[in-house]
Amino acid sequence: MNKFIQTKYKNLINDYTIIYVRVEHLYDGKQPTAKIRLSNDHAITIKISKSIGLKLKDYLYSSSLVGIEGKAKYSIKNFKLLDFTIERIVENESLPLTKIFKDLRDIVGDHFDGKDINDLLLNN
């Protein structure tokens with residue numbers, strides 16, 4: 001879904017994505033903003049809504065990463081994130097182990113049917 005921006009700001013890519021960041025600062029005011037840091041140590045300050053700010057405060061100064069979903073703007077030269085518009089916070093889901101294994105089975109199909117998992121792990 002990448003789109004090149006056909007405006008006076010050439011060499012930019014728009015994309016809808018989920019990124020995982022650390023929240024370093026939240027600024028309140030007429031236009032609230034958040035300073036976020038990506039895993040590559042690149043930090044940017046972005047505009048946010050008050051409702052998003054209230055959700056991000058739980059991650060402020062935390063070593064935990066938070067998933068944010070929305071519209072990203074990247075430089076085509078170095079793929080550096082230039083701007084991000086948060087549409088929603090990705091909640092950290094804890095799934096039951098049985099659900100995780102069922103989902104995994106749905107992906108790999110019957111490939112491991114009738115095989116002992118210990119033999120597979122020890123012999124490969």
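Only heavy atoms go into these numbers, but all of them, side chains included; no hydrogens, no water, no symmetry mates. Positions are given from 1, in the same order as the sequence printed here.
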Separation between CG of D41 and CZ of R22, rounded to the nearest 0.5 Å: 9.5 Å
From OH (Y27) to CD1 (I48), nearest 0.5 Å: 11.0 Å
Single-linkage hydrophobic cluster I36~Y61, side-chain heavy atoms < 4.5 angstrom: yes
Polar side-chain atom of N78 near backbone of K80 as donor-acceptor pair, under 3.5 Å: yes
Full working for side-chain contact (heavy atoms from CB on, under 4.5 Å) between N11 and Y74: CA-CA 9 Å; N11 301 325; Y74 298 94; over 6 Å; no
side-chain contact (heavy atoms from CB on, under 4.5 Å) between F84 and T17, intermediate numbers included: CA-CA 10 Å; F84 196 89; T17 189; 4.0 Å; yes
Straight-line distance of L26 CG to K35 NZ, nearest 0.5 Å: 12.0 Å
Closest non-hydrogen atom pair between G29 and K50, with its separation: O-NZ, 3.7 Å
Shortest non-hydrogen separation from S75 to L82 and the atoms involved: N-CD1, 3.7 Å
Cluster overlap L65 with I18, hydrophobic side-chain contacts below 4.5 Å: yes
Side-chain donor/acceptor of E69 to backbone N/O of I19, under 3.5 Å: no
Co-membership, hydrophobic cluster, residues L60 and V66, 4.5 Å side-chain: yes
Nearest-0.5 Å distance that lies between atom CD1 in I46 and atom CD1 in I86: 3.5 Å
Sidechain-backbone polar pair: H42 side chain, L81 backbone, donor-acceptor under 3.5 Å: yes
Value rounded to 0.5 Å, distance of NZ in K57 from CG in D28: 12.5 Å
Residues I89, I52; criterion side-chain contact (heavy atoms from CB on, under 4.5 Å); working and verdict: CA-CA 8 Å; I89 305 297; I52 291 290; 4.2 Å; yes
Stepwise side-chain contact (heavy atoms from CB on, under 4.5 Å) check, Y20 with I68: CA-CA 6 Å; Y20 290 86; I68 54 177; over 6 Å; no
Straight-line distance of K55 NZ to S49 OG, nearest 0.5 Å: 8.0 Å
